[in-house]
Asks: 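Here you go, one structure.
Because only heavy atoms are used, hydrogens play no part in the values below, and waters and symmetry mates are left out as well, while side chains stay in. Chain A is the first sequence line, chain B the second, and so forth, proteins listed ahead of strands; every chain is numbered from 1.
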Amino acid sequence: MDFLIQGLGLLLAPKVLLVICICSLYGLFVGSIPGLSATLAASLLIPFTFFMDPVPALVSIVTMSAMAIFAGDIPAALVRIPGTPSSAAYTHDSFALTQQGKGEMVLGVDVVFSAIGGLMGAVVLMTSAPMLAEVAMNFSSFEYFWLAALGLSATVMVSRGSQVKGALAMLLGLFLSTIGVDITLGYPRFTFGSVELLNGISFIPAMIGVFGISEVMRNVMQGEMKFAIARVQAGKIFQGTGKLFFKYKWNVLRSGLLGTFIGILPGAGADIAAWLAYAVSKRGSKEPELYGNGSIEAIIDSGTANNSCLAGDWVPALVFGIPGDSITAIVIGVLFMKGLRPGPMIFEQQPQIIYAVYLAFIVANLLMIPFGYLAVKTSSQMLRVPKNILIPGILMFAITGAFAINNSVFDIGVLGIMGIIGYFMEANGYPVAPIVLGLVLGPILEQNFMTSMIKSDWDLTLFFMRPISAILGTITVIIWLFPFLAAFLEKTKKSRAS
Amino acid sequence: MGKNDYVGGGLFVALGVFIWAMTFQFPGLEGGHPGPSLFPRVLGTLFIFFGALVVYEGWKTREGKEESLPGEEVPLNYFNPILVIILIAAFIALANKLGFIISGVAILFILMTKLRVSLLKRSIVSVALVCFVFLVFSKLLRVPLPIGLLGW
């Protein structure tokens, strides 16, 4: 209880409240602009968090991401383009209902059920994270190695498009993490005599490059985007949402829990949660024919799931130091930057910070109601912000943000190179989020592997001797073998059929 | 993706071979155990394996044509992304000599010119935006941005 009060005290400091308000508006703005993702918003926010205390730094990411994921629903309803990938699952339904004159109701549902989903996720985070942290206290380098391997494998498994390309993107991130002085002998690897590379590739410029510069490059290629914005009377958007809540209360409970569970799985983010909740909702619905043509039930389910997923993503990040998605990969980077090592010890050593994060989720989701209303009221103005001015602005912030971390133009070079890599990889069907996860998890993976090998005198069987290590190892190996097993089973099925 | 997959997969295979070649220079641990070279070698092997798989996937789909719906194509400007990289490189080269403000205004002005923002608008926006970024980072966050010609 003391820690809760301390956490509340940290959260209610005027400076932190100001950060919450500014980041709410920032998240709402970026989320509601099609083509700009919540991950981009997080990566541009990091240079600012560098100069903040740990609590406002973490709270800023919590608030911004919650608002951005909700705000992605607005253009989905008004212009049929999802603001963030998390809203893609129910874009057709949202827009179809808007065209039927129910846009006001859709936007109200978006606000309210996003907030409810976020609150459900926060409750699960608050209850599950301390329990898992207790378990994680007994973990050694063997378990941490398998956790990192499991996180990376799950990321590849759920990555969009080809899993082989997802694996290559993840390997690239892991390779980039090997640049610099190695952990066993202090030998400089892949530095080519560069002093700047001795400390390795700086995580923040690399991340802004992969997410920010590549998005700038894609946007300038497309030229100016003008949207035909559907007209909605955003007067009484909350009218009727209470009735809908009671009608679909079990859907909300199911999707909230499903979304949080997806979030807890390493590597799976809000977009996957929304798609899965949509599929489950359709299967259990009495009106499946409405899905894709304007189903409010689909919007309630998916909208609840994607916001509840956000808090779930923080569970593996805080408890094990394994990111749940690309935003929590950024969070882990921020924690290290602040001298905090994510993992079970943070619950013992800095519990007030953890409680402040829990409370931030609750505050952010409660604030979503008034701020969301404000965003809906001003949505048509936000959608009219000219992209040919916005994109150069993002470029300027990206360059300055990359420079600000080490006060070095070398990092601007890293930004540019990573931007080119991100751009070409995305253009050729390679997902880029695994690069960042690989970059974050690479040192954890290598360090725990080498420590385990030296401890066990190079006996690989010890990776399967401890019970939890054996379970995690077995799950990871099954994930590795899954594509081959699936291909084999399909081949057998085909030969039987023919 | 057929042809692009040959190139992309081939590049990853080449990266794997390069990593392997580099690791022969790395020292080992006592007792003949691999040290700094172990992790990169595992990665190099996986790059070669998965890169070859991408080449194979590209070969399998070489006959397939990408589907495009009539009337949905947006004219793309392929020079603009290159311009973004040129401008970043120009900023790196010029920032320490000209300073943050002049370099920043220059790259924004050029990019907005290419994005067809009107002369008045791009002049005002580029100066105002760079001054805003300068104030936030230099004065508020105390980042020592390159000073250059203006002396502040």
Side-chain angles (χ1 to χ4, degrees), chain A residues 47-48 50-51 162 164-165 167-168 171-172 174-175 178 182-185 187 189-190 213 216-218 220-225 386-389 391-393 395-397 399-401 403-404 407 409-410 412-413 415-416 419-420 423-425 427-430 442 445-446 449-450 453-454 458, chain B residues 1 4-5 8-9 12 15 19 22-23 26-27 29 33 35-36 38-40 43 46-47 50-51 53-54 57 74-78 80-81 83-85 87-89 91-92 95-96 100 104 107-108 111-112 114-117 121-122 125-126 129-130 133-134 137 140-146:
Chain A
F48 294 95
F50 186 71
F51 300 95
S162 157
V164 176
K165 288 181 174 178
L168 281 166
L171 287 172
L172 187 64
L174 289 176
F175 168 65
T178 64
D182 110 283
I183 47 165
T184 49
L185 290 178
Y187 184 81
R189 297 185 297 196
F190 310 108
I213 297 300
V216 166
M217 289 167 77
R218 256 191 311 282
V220 293
M221 191 166 75
Q222 287 165 353
E224 179 64 347
M225 284 165 80
K387 264 201 165 178
N388 52 2
I389 288 177
I391 295 299
L395 177 67
M396 199 67 243
F397 271 101
I399 289 174
T400 320
F403 176 87
N407 304 326
V409 285
F410 178 80
I412 305 177
L415 171 97
I420 297 171
Y423 172 78
F424 278 107
M425 286 184 73
N428 289 293
Y430 293 84
L445 190 76
E446 186 179 12
F449 181 73
M450 292 308 281
M453 290 304 277
I454 291 166
W458 300 85
Chain B
M1 292 281 166
N4 289 356
D5 282 346
F12 280 116
L15 179 61
I19 292 170
M22 289 292 290
T23 56
F26 297 172
L29 293 178
H33 295 300
L38 178 62
F39 194 58
L43 296 179
L46 293 172
F47 269 125
F50 285 112
L53 270 182
V54 170
E57 278 183 358
V74 181
L76 299 176
N77 188 327
Y78 289 99
N80 285 354
L83 179 68
V84 169
I85 295 303
L87 291 174
I88 293 173
F91 187 90
I92 294 170
N96 283 330
F100 175 81
I107 66 162
L108 282 189
L111 185 57
M112 280 195 262
K114 195 70 188 61
L115 296 177
R116 295 179 183 170
V117 180
K121 226 187 230 178
R122 66 178 181 257
V125 171
S126 52
L129 193 67
V130 171
V133 174
F134 180 81
F137 278 90
L140 199 68
L141 303 178
R142 309 244 171 241
V143 176
L145 294 172

Asks: Examine whether an atom of B:F91 lies under 4.5 Å from a heavy atom of chain A, and if so say whether it belongs to the side chain, the backbone or both; otherwise answer neither.
Replies: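 Contact with chain A is through the side chain of B:F91 alone.
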Asks: Look at the aromatic rings of B:F12 and A:Y430 and report parallel, tilted or perpendicular, splitting at 30° and 60°.
Replies: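 Correct class here is tilted.
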Asks: Can you give me the closest heavy-atom contact between A:L185 and B:P36, atom names plus distance?
Replies: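 Scanning both residues, the minimum pair turns out to be CD1-CD, 3.8 Å.
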Asks: Does any non-hydrogen side-chain atom of A:I399 lie less than 4.5 Å from one of B:L87?
Replies: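 No, too far: nothing below the 4.5 Å cut-off.
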Asks: Using heavy-atom distances under 4.5 Å, tell me whether A:F449 contacts chain B through its side chain, its backbone, both, or neither.
Replies: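 Contact with chain B is through the side chain of A:F449 alone.
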Asks: For a quick test of reading the model, state the closest non-hydrogen atom pair linking B:M112 to A:N388 and the distance between them.
Replies: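 That closest heavy-atom pairing would be CG-O, 3.8 Å.
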Asks: Please find the pair of heavy atoms, one from A:F403 and one from B:P144, that lie closest to each other, and give the distance.
Replies: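 So the minimum-distance heavy-atom pair works out to CE2-O, 3.6 Å.
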Asks: For A:M453, is it the side chain, the backbone, both or neither that has a heavy atom under 4.5 Å from a heavy atom of chain B?
Replies: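 Contact with chain B involves no heavy atom of A:M453 at all.
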Asks: State, yes or no, whether a side-chain contact exists between A:F51 and B:V143 at a heavy-atom distance under 4.5 Å.
Replies: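 When only atoms from C-beta onward are counted, B:V143 and A:F51 do touch, with a gap below 4.5 Å.
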Asks: Tell me, out of B:N96, B:L108, B:L140, B:V130, who's got the most heavy-atom pairs with chain A below 4.5 Å.
Replies: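 When all of B:N96, B:L108, B:L140, B:V130 are compared, B:L108 has the most.
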Asks: Please flag which part of B:L15 lies under 4.5 Å from any non-hydrogen atom of chain A: side chain, backbone, both or neither.
Replies: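 Side chain of B:L15 only, per the 4.5 Å heavy-atom cut-off to chain A.
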Asks: Any side-chain heavy atom of A:I389 sitting closer than 4.5 Å to one from B:R122?
Replies: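 No, side chains not in contact.
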Asks: Is A:F175 in contact with chain B via its backbone, its side chain, both, or neither, using a 4.5 Å heavy-atom distance?
Replies: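 Both parts, heavy atoms under 4.5 Å.
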Asks: Rounded to the nearest 0.5 Å, what separation is found between the CD1 atom of B:I88 and the CG atom of A:L395?
Replies: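 Here the rounded value is 5.5 Å.
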Asks: Before giving the answer on side chain to side chain contact (heavy atoms under 4.5 Å, CB included), spell out for A:M396 and B:F134 the whole-Å C-alpha distance, their side-chain angles and the decisive distance to 0.1 Å.
Replies: CA-CA 10 Å; A:M396 199 67 243; B:F134 180 81; over 6 Å; no
Asks: Considering only heavy atoms, which portion of B:V54 lies under 4.5 Å from any heavy atom of chain A: side chain, backbone, both, or neither?
Replies: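 Contact with chain A involves both backbone and side-chain atoms of B:V54.
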Asks: Using heavy-atom distances under 4.5 Å, tell me whether B:I107 contacts chain A through its side chain, its backbone, both, or neither.
Replies: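 For B:I107, the contact with chain A is made by the side chain alone.
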Asks: Between B:F39 and A:L445, is any pair of side-chain heavy atoms under 4.5 Å apart?
Replies: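 SC-SC contact between B:F39 and A:L445 confirmed.
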Asks: Identify which part of A:I213 has an atom lying under 4.5 Å from any heavy atom of chain B, answering side chain, backbone, both or neither.
Replies: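 The side chain, not the backbone.
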Asks: Could you have a look at B:L53, B:I92, B:T23 and say which one has the most heavy-atom pairs with chain A under 4.5 angstrom?
Replies: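 The option with the most such pairs is B:I92.
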Asks: Counting only heavy atoms from other residues, nucleotides and ligands, does the tally under 6.0 Å from CZ of A:F50 exceed 12?
Replies: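 Check passes, neighbour count above 12.
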Asks: Considering non-hydrogen atoms only, spot the tightest contact between A:N428 and B:D5 and give its length.
Replies: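 It is O-OD1, 4.5 Å.
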Asks: Heavy-atom distances under 4.5 Å only: say whether B:L129 touches chain A with side chain, backbone, both or neither.
Replies: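 Only the side chain of B:L129 comes within 4.5 Å of chain A.
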Asks: Please tell me whether B:F137 and A:F48 form a close aromatic pair, meaning their ring centres lie under 6.0 Å apart.
Replies: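 They qualify: ring centres under 6.0 Å apart.
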Asks: Angle class for the B:H33/A:W458 ring planes (parallel below 30°, perpendicular above 60°, tilted otherwise)?
Replies: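 B:H33 and A:W458: parallel rings.
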Asks: Is any side-chain heavy atom of A:Y423 closer than 4.5 Å to one of B:P81?
Replies: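 A side-chain contact under 4.5 Å exists here.
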Asks: Is B:K121 in contact with chain A via its backbone, its side chain, both, or neither, using a 4.5 Å heavy-atom distance?
Replies: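 Just the side chain, heavy atoms under 4.5 Å.
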Asks: Do B:N80 side-chain atoms and A:M221 backbone N/O form a donor-acceptor pair below 3.5 Å?
Replies: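 No, the answer is negative, given that no donor and acceptor are paired below the 3.5 Å cut-off.
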Asks: So do the side chains of A:T184 and B:L38 get within less than 4.5 Å of each other, counting heavy atoms only?
Replies: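 Answer no - side chains too far apart.
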Asks: Where is the tightest heavy-atom contact between B:I19 and A:F190, given as atom of each residue plus distance?
Replies: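 Closest heavy-atom pair between B:I19 and A:F190: CG2-CZ, 3.9 Å.
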Asks: If we define contacts as heavy-atom pairs under 4.5 Å, which of A:N407, A:I183, A:T178 has the most with chain B?
Replies: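 Among A:N407, A:I183, A:T178, the one with the most close pairs to chain B is A:N407.
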Asks: Flag the one option from B:A89, B:P27, B:P40 with the top tally of heavy-atom pairs under 4.5 Å to chain A.
Replies: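 Heavy-atom pairs under 4.5 Å are most numerous for B:P27.
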Asks: For B:I85, is it the side chain, the backbone, both, or neither that has a heavy atom closer than 4.5 Å to a heavy atom of chain A?
Replies: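 Interface part for B:I85: side chain.
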Asks: Which pair of non-hydrogen atoms, one from B:G51 and one from A:L168, has the smallest distance, and what is that distance?
Replies: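 The answer is N-CD2, 3.9 Å.
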